Amino acid sequence: MSRPAHRRPEYRKINKDLFVLTYGALVAQLCKDYEKDEDVNKYLDKMGYGIGTRLVEDFLARSCVRRCHSYSEIIDIIAQVAFKMYLGITPSVTCNNSGRSEFSLILDKNPLVEFVEELPAGRSSLCYCNLLCGIIRGALEMVHLAADVTFLQDRLKGDSVTEIGITFLKKLDEKKYRRKK
Amino acid sequence: MPAAVSLSCWARGLSGPGVGRPGTGFPPVPAVRKPSEFLCLLATRDGLRTEGAARSSSLGRQPEPRAGPTGAGTGARKNKQAMADEALFLLLHSEMVSGVYKSAEQGEVENGRCITKLENMGFRVGQGLLERFTKDTARFKDELDIMKFICKDFWTTVFKKQIDNLRTNHQGIYVLQDNKFRLLTQMSAGKQYLEHASKYLAFTCGLIRGGLSNLGIKSIVTAEVSSMPACKFQVMIQKL
């Protein structure tokens with residue numbers, strides 16, 4: 001019987017369509033429950049926060065990332081390891097300010113919006129992928145890094161790319177810093 | 001571990017389970033089959049699908065998931081089934097459940113409403129998923145064929161394993177038993193949290209109902225758990 005050599009990594013996969021469609025159903029249900037876009041965005045962010053706090057444990061357990069010494073290393077790891085592991089994409093990283101605490105992740109391919117053609121009418125300020133922001137924020141907070149994560153550009157709203165902006169709020173303290181993301 | 005499959009439905013000489021699908025290379029099945037013949041038939045179907053697995057792969061053993069086109073029959077072979085990480089979906093699902101319940105108050109009625117909400121979400125997802133999976137598959141011969149598709153191809157593509165046991169009374173009631181349901185394995189392995197298990201099954205019930213509705217079958221799907229992570233989904237077909 002031809003079993004693949006490492007059964008565990010294969011076994012941990014689930015159909016991507018399931019995840020994307022479930023997310024879509026969730027956003028649709030939230031749009032039905034809440035009238036204001038801000039409420040939906042806030043709720044998605046909160047959910048993402050809850051997911052992120054748990055996801056970071058899973059991430060750290062499964063990836064063997066080394067200690068990070070700077071914010072840019074952290075962002076690189078988020079973009080190249082974490083996104084790759086969970087969504088199969090690798091966003092590109094840019095640094096927005098010279099103080100090296102504001103970064104952007106540019107997603108040219110966003111699997112979450114695979115089945116979304118356009119935002120529903122009357123929902124023009126809905127951040128469809130706000131869950132991602134919450135996840136990043138929750139994960140960073142679990143490794144003692146406060147950050148502000150928002151969508152700077154969104155393809156669904158007409159911009160050319162989807163851009164997530166991450167702003168680190170506290171100064172990086174070497175002593176406190178045990179883990180990395 | 002391979003679970004013995006109930007042969008009650010197949011032992012009654014049903015018309016062939018529609019094996020003559022394009023691409024499988026099997027000849028169409030004659031009307032009446034002895035149980036042992038069905039056993040072999042399904043085993044070799046699995047063998048073919050996993051492309052090179054030994055013919056002796058016993059019935060009930062989950063086909064090994066392989067990267068790339070596998071799983072949902074001939075249709076999905078053509079489109080590569082992209083994979084995402086299980087952790088993400090599990091966490092999203094549990095957040096959804098807790099979110100729905102948090103915004104509701106205590107009480108039987110509210111509990112029922114939450115379950116309905118989750119089930120409706122699953123319904124939408126099930127419809128969409130099934131459309132994608134069956135884009136290129138052949139027509140299903142009958143109800144049983146559809147249920148077997150759900151048990152094997154659909155479940156494999158979604159949860160990377162098959163339903164372990166399918167029972168029916170031939171009057172429109174099917175019981176799908178999964179001995180190691182993916183959404184419950186991380187929760188407990190016994191009787192702990194049993195009272196909460198139904199919340200986590202509502203979405204999947206909706207998934208099945210949505211999938212069936214897109215295949216033209218109206219149904220009611222309920223789930224019961226006696227000991228985690230095994231669970232049973234009961235499908236009641238509604239005759240129009």
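The chains referred to below are lettered A, B, ... by the order of the sequence lines, with proteins before strands, and numbering in each begins at 1. Note that the structure is predicted; figures quoted are calculated from it, not measured.
Sparse packing is recorded around CD of A:E35, with 12 or fewer heavy atoms of other residues, nucleotides or ligands lying under 6.0 Å away. For A:F115, the CZ atom counts as densely surrounded, since its 6.0 Å shell holds more than 12 non-hydrogen atoms of other residues, nucleotides or ligands. The number of heavy atoms from other shown groups lying within 6.0 Å of NZ (A:K157) is above 12.
Between A:L21 and B:Q127 the shortest side-chain heavy-atom distance does not fall below 4.5 Å. Residues B:E95 and A:R54 form a side-chain contact, since some pair of their non-hydrogen atoms from C-beta on lies under 4.5 Å apart. Using a 4.5 Å cut-off on side-chain heavy atoms (C-beta onward), B:L88 and A:I135 make contact. In this structure, A:Q29 and B:V100 have side chains that are not in contact, with every pair of non-hydrogen atoms separated by 4.5 Å or more. Residues A:F19 and B:H93 are not in side-chain contact: their nearest non-hydrogen atoms beyond the backbone lie 4.5 Å or more apart. Considering only heavy atoms from C-beta on, A:D58 stays 4.5 Å or farther from B:L91 through its side chain.
Put simply, of A:V20, A:L87, A:L55, the one with the most heavy-atom pairs under 4.5 Å next to chain B is A:L55.
For B:L207, the part lying under 4.5 angstrom from a heavy atom of chain A is the side chain only. Using a 4.5 Å cut-off between heavy atoms, B:F203 contacts chain A through its side chain alone, with no backbone atom that close. In this structure, the portion of A:L131 lying under 4.5 Å from any heavy atom of chain B is its side chain and not its backbone.
Remark: B:E86 CD to A:L18 CG distance equals 11.0 Å, nearest 0.5 Å. Considering CZ of B:R124 and CG of A:L26, their distance stands at 10.5 Å, rounded to 0.5 Å.
The two residues A:Y86 and B:A87 make their nearest non-hydrogen contact at CE2-CB, 4.3 Å.
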